[in-house]
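Below is one structure, written out as structure tokens; the observations come after it.
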Amino acid sequence: MSKTEFDIVIIGGGPGGYVAAIRGAQLGLNIAVVEAAHLGGICLNWGCIPTKALLRSSEINHLLHHLGEFGFAADNIRFDLDKVVKRSRKVAGQLSSGVAHLLKKNKVTVFDGFGKLADKDGARRKVEVSKDGKPVATLTAPHVILATGARARVLPGLEPDGKLIWSYREAMVPTELPKRLMVIGSGAIGVEFASFYRNMGAEVTLVEVLDRILPVEDEEISALAHKAFLKQGMTILTGAKIGAVRKNGDSVTVPVEAGGKSQEITVDRVISAVGIVGNVENLGLDGTAIAVDRTHIKVDPYCRTGEPGIYAIGDIAGPPWLAHKASHEGVLCVEAIAGHTIHPIDPTNIPGCTYCRPQIASVGLTEARAKDAGHKVRVGRFPFIGNGKAIAAGEPEGMVKTVFDATTGELLGAHMIGAEVTEMIQGYVIARTSELTEAELKETVFPHPTISETMHEAVLAAYDGALHI
């Protein structure tokens with residue numbers, strides 16, 4: 001740990017920071033990572049990975065209660081919530097240890113502490129590392145990558161208290177299942193928690209301030225998700241305004257105004273999922289040319305900030321707030337530092353996935369945004385009910401939607417809802433990245449029987465050639 005001079009110092013060991021470190025080491029650079037909490041960041045420890053473990057458990061619970069549809073019967077179906085949570089934490093712990101192993105294997109030096117930009121030392125930048133307020137080390141490098149991520153946004157009156165009002169952290173480690181739950185915010189995080197708790201048997205009310213749930217998704221996909229959640233027994237309130245909450249011992253009363261109706265809803269717990277803010281505080285940005293806009297650092301297409309030698313990647317660099325975006329930016333950033341020729345990332349080629357039931361995935365422009373951008377479009381739709389594998393698997397609920405430029409045949413966007421669409425969306429991502437048109441996609445052979453055939457049919461449908469509907 002006596003080594004303090006590096007080619008790159010990375011502040012933050014999440015999916016952006018640790019991937020950047022590994023790639024930098026592969027390129028022969030001396031890399032240091034400074035991490036204040038857990039390697040793998042929020043994604044691996046308190047986000048993407050443990051929530052998927054929870055959702056998997058909830059899907060199994062749902063299937064167990066529908067065994068009759070597949071010719072099976074079981075009595076006294078029950079679950080142990082403590083074991084469900086422990087499995088989720090074990091998965092996160094295993095992968096966090098895996099990140100530590102990968103960094104060690106690649107000879108990346110890891111400093112346990114909080115990193116902060118300090119003075120310049122000639123062409124090098126100092127980074128001060130502290131732990132519990134005490135100095136640990138002073139590092140220097142010509143290049144520093146900020147990868148400190150983001151945290152949950154907190155609204156006045158909805159501050160998480162660890163008991164009645166939860167953030168994502170408390171929602172992932174419940175000691176008991178709330179009978180009645182309100183989720184405020186219907187983005188990916190809110191919808192996933194709503195889906196988990198509903199599948200486990202809780203009464204769920206989903207509240208959204210905008211006029212529809214999943215507002216970043218295509219309107220048709222949002223509408224289908226809304227319909228599916230209602231069918232599952234959720235209560236959904238859109239265009240809603242929240243009043244001052246009242247805590248009543250072991251419950252919370254929330255005044256809600258929606259659809260011209262005012263009501264007070266009493267629940268056992270409230271999950272606040274109203275967005276995120278970048279971790280830009282105490283990074284030593286004062287006195288630098290680094291610009292911050294609404295808690296996010298402004299960067300150019302190569303992840304460079306306004307301060308020479310300082311870069312920012314991942315959630316701290318703005319939307320979309322996705323782990324795979326952070327990892328890709330990390331690789332792009334260190335390859336540029338190493339002098340490689342790189343291609344800046346196109347945000348419209350970054351897929352988005354929501355792991356609720358049914359799953360949702362998308363890439364590119366929605367139909368509305370494509371039209372707003374001036375495109376004349378051709379739209380294709382194909383429902384899962386027309387797909388043999390989906391019916392055989394007992395998953396007939398879903399749809400694939402494609403949006404093409406009517407003049408050039410460019411695939412402008414693809415939007416999916418249904419079983420396993422988070423695994424299938426990558427086919428359309430490759431198509432967009434490779435700049436394929438409808439001609440190549442129509443000629444692509446899809447295996448039968450697979451749910452992926454819906455992707456082919458949605459392309460054919462955009463050109464009046466769908467075969468199975």
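Below, all heavy atoms of this structure are taken into account, side chains as well, without hydrogens, waters or symmetry copies. Keep in mind that what you see is a predicted model, and the values were worked out from it rather than measured.
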Distance only, no hydrogens: is a donor on one side chain within 3.5 Å (strictly under) of an acceptor on the other, for [X] and [Y]?
X    : Y    : result
E170 : S167 : yes
H226 : R212 : no
Q359 : T422 : yes
T266 : R180 : no

Out of curiosity, H324 NE2 to E329 CD, how far, rounded to the nearest 0.5 Å? 11.0 Å

Only counting residues at least two apart or in another chain, list the ones meeting ring-ring contact (aromatic ring centres under 6.0 Å, His included) with F229. none

Is a side-chain donor or acceptor of S96 paired with a backbone partner of G93 at a separation under 3.5 angstrom?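 No.
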
E335 bridged to R23 by N-O distance under 4.0 Å: yes

List the residues meeting side-chain contact (heavy atoms from CB on, under 4.5 Å) with D250, not counting sequence neighbours, and say none if there are none. K163, L164, R269

With sequence neighbours excluded, tell me which residues meet side-chain contact (heavy atoms from CB on, under 4.5 Å) with S362. E217, H415

Could I get the full list of salt bridge (Lys or Arg N to Asp or Glu O under 4.0 Å) partners for [X], not counting sequence neighbours?
X    : value
K86  : D82
R246 : E264
K120 : E307

